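None of the values given here were measured: they were computed from a predicted structure.
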Amino acid sequence: MPNDVPFYQRLIPSPDASVLELGCGTGRVMLPLLPCSGHYHGLDISTAMLDICRRKLADAGIPPSQACVHEADITYFELGRRFDFIIAPFRVLQNLETDAQVDGLLQCVHKHLAPNGTCILNVFMPKRDPEGLRQHWVSAEEHLSWQMPVEGGRIACYDRRARMDADRLILYPELIYRLYEGDAIKEEAILRFVMRCYYPDTFEQLIRDHGFRVVNRWGGYAGEAYGEGPELVIQFTESTE
Ligand SMILES: C[S@@+](CC[C@H](N)C(=O)[O-])C[C@H]1O[C@@H](n2cnc3c(N)ncnc32)[C@H](O)[C@@H]1O
């Protein structure tokens, strides 16, 4: 997980700011941002993630007037209000596979950004150039990400670089969760997802091409320069041109 929470806490414009999080998941970022914001609205497409998030909000005694979450597609939604700060932490933009979805998300940002409001989007910085990715990313091997002991065995998570769309630089990684009893696999679940790749110039251009003005950019959450760190992070606002 990225150490991005203090970064977002610092950038909330005021303690009464309204915040919209696109792809809020289980509330990893939402919960620690609540004390620094006025009203917080989270959207996600996954019922399972939102159930966990709602439970966390209830356990923390957060009233709906302070934070609420909705099941929605972040590429197509209408909340009928605007926000001072819109964020999509942990590379949510990269889960959008098609140009139409990316356009949809950025149009929704236009519709929901308050005057003088800003939005922050983030993607990872690929470790290889496009040609390097095409040649080396796909691999038939599974790599162990983590494992932990459980009664009678262990749970392990492997990642597999299943396939990629080489023209559009879209990766299709898989996370394979296995429950072992001794050496025998008792259960297996595979999580498939999409990671569309952007480079420093293509990411910034995408944002400008959609009628926004870049106000800040970073290469990570520890002060790295844009293009020189593990992440690409851009803060932008409506273009006045
Ligand atoms: C990598 S997780 C990030 C979660 C959270 N922002 C965080 O930083 O912990 C990506 C989240 O985006 C959500 N997501 C992906 N595509 C979506 C879509 N089209 N509409 C709404 N949510 C989406 C997923 O369900 C998932 O919860």
Side-chain angles (χ1 to χ4, degrees), residues 1-97 101-102 104-106 108-109 111-114 117-124 145-146 148 150 155 157 159 173-177 189-196 221 231 233 235:
M1 286 289 166
N3 181 22
D4 54 357
V5 168
F7 170 86
Y8 288 108
Q9 283 172 327
R10 274 197 306 277
L11 286 165
I12 292 184
S14 78
D16 54 356
S18 52
V19 180
L20 171 63
E21 183 177 346
L22 307 174
C24 61
T26 61
R28 178 188 70 87
V29 175
M30 175 186 297
L31 271 291
L33 260 57
L34 289 180
C36 329
S37 47
H39 177 76
Y40 204 108
H41 207 106
L43 301 181
D44 205 284
I45 207 162
S46 159
T47 313
M49 296 279 199
L50 288 177
D51 284 347
I52 297 173
C53 188
R54 287 197 182 100
R55 203 174 323 128
K56 285 187 188 171
L57 290 171
D59 289 350
I62 306 293
S65 55
Q66 193 186 352
C68 60
V69 293
H70 282 119
E71 194 169 320
D73 185 337
I74 55 172
T75 71
Y76 186 78
F77 63 91
E78 174 60 71
L79 298 175
R81 59 166 297 182
R82 291 179 180 268
F83 295 83
D84 301 310
F85 195 51
I86 301 181
I87 58 175
F90 203 10
R91 309 165 175 173
V92 168
L93 177 73
Q94 291 184 276
N95 295 153
L96 306 181
E97 187 172 7
Q101 288 176 307
V102 174
L105 178 136
L106 289 165
C108 287
V109 172
K111 277 193 202 156
H112 292 86
L113 202 54
T118 64
C119 174
I120 299 181
L121 294 180
N122 135 261
V123 297
F124 69 75
S145 277
W146 54 262
M148 57 185 266
V150 291
I155 295 179
C157 174
D159 68 71
E174 294 175 348
L175 289 178
I176 304 152
Y177 297 89
I190 302 179
L191 177 66
R192 297 185 170 85
F193 56 104
V194 171
M195 292 304 276
R196 187 168 176 171
Y221 304 109
E231 303 284 323
V233 192
Q235 183 176 28

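- Scored by the side chain to side chain donor-acceptor pair (under 3.5 Å) test, S145 finds D159 as partners (sequence neighbours excluded).
- For Y221, the side chain to side chain donor-acceptor pair (under 3.5 Å) test picks out N122, with sequence neighbours left out.
- For the atom pair CG of L105 and CG of L93, the computed distance is 6.5 Å after rounding to the nearest 0.5 Å.
- To the nearest 0.5 Å, atoms OH (Y40) and CZ (F83) are separated by 11.0 Å.
- Partners of R54 according to the side chain to side chain donor-acceptor pair (under 3.5 Å) rule, which considers only residues two or more places apart in sequence or in another chain, do not exist here.
- Not a single ring-ring contact (aromatic ring centres under 6.0 Å, His included) links F193 to another residue, sequence neighbours left out.
- A heavy-atom distance below 4.5 Å is found between the side chains of C24 and L50.
- Here C119 contributes atom SG and L106 contributes atom CG; the two are 7.5 Å apart, rounded to the nearest 0.5 Å.
- Put simply, CZ on R55 and CG on L57 are 11.5 Å apart, with the number rounded to the nearest 0.5 Å.
- Every salt bridge (charged side-chain N to carboxylate O under 4.0 Å, His left out) that R192 has, sequence neighbours left out, goes to E174.
- Contact between M30 and E21 at its shortest, heavy atoms only, is N-OE1, 3.6 Å.
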Return all side-chain donor-acceptor pairs below 3.5 angstrom for residues 60-76, not counting sequence neighbours, or 'none' if the list is empty.
unit_1, atom_1, unit_2, atom_2, d
H70, ND1, H41, NE2, 3.0
E71, OE1, T47, OG1, 3.1
E71, OE2, T47, OG1, 3.3
D73, OD1, T75, N, 2.9
D73, OD1, T75, OG1, 2.8
D73, OD2, T75, OG1, 3.4

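- The two residues T118 and Q235 make their nearest non-hydrogen contact at OG1-NE2, 3.0 Å.
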Verdict with supporting geometry, I87 and F7, side-chain contact (heavy atoms from CB on, under 4.5 Å) | CA-CA 12 Å; I87 58 175; F7 170 86; over 6 Å; no

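- Two residues are said to be in side-chain contact when any heavy atoms from C-beta on lie closer than 4.5 Å; Y8 and P89 meet this criterion.
- Sequence neighbours left out, the pairs with a member in residues 22-45 that pass salt bridge (Lys or Arg N to Asp or Glu O under 4.0 Å) are D4-R28.
- Across E231 and F124, no two heavy atoms sit closer than the pair OE1-CA, 4.0 Å.
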Please test F77 against L22 for side-chain contact (heavy atoms from CB on, under 4.5 Å), starting from the C-alpha separation and ending with a verdict.
-> CA-CA 11 Å; F77 63 91; L22 307 174; 3.7 Å; yes

Anything under 3.5 Å between a donor and an acceptor, one on a side chain of residues 9-20, the other on a protein residue two or more places apart or in another chain? List them.
unit_1, atom_1, unit_2, atom_2, d
Q9, NE2, P32, O, 2.9
S14, OG, D16, N, 3.4
S14, OG, D16, OD1, 2.5
S14, OG, A17, N, 3.3
S18, OG, D84, N, 3.1
S18, OG, D84, OD2, 3.1

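- In this structure K56 satisfies the side-chain contact (heavy atoms from CB on, under 4.5 Å) test together with T26, L31, I52, sequence neighbours excluded.
- With rounding to the nearest 0.5 Å, the separation of CZ in R81 from NE2 in H39 is 5.0 Å.
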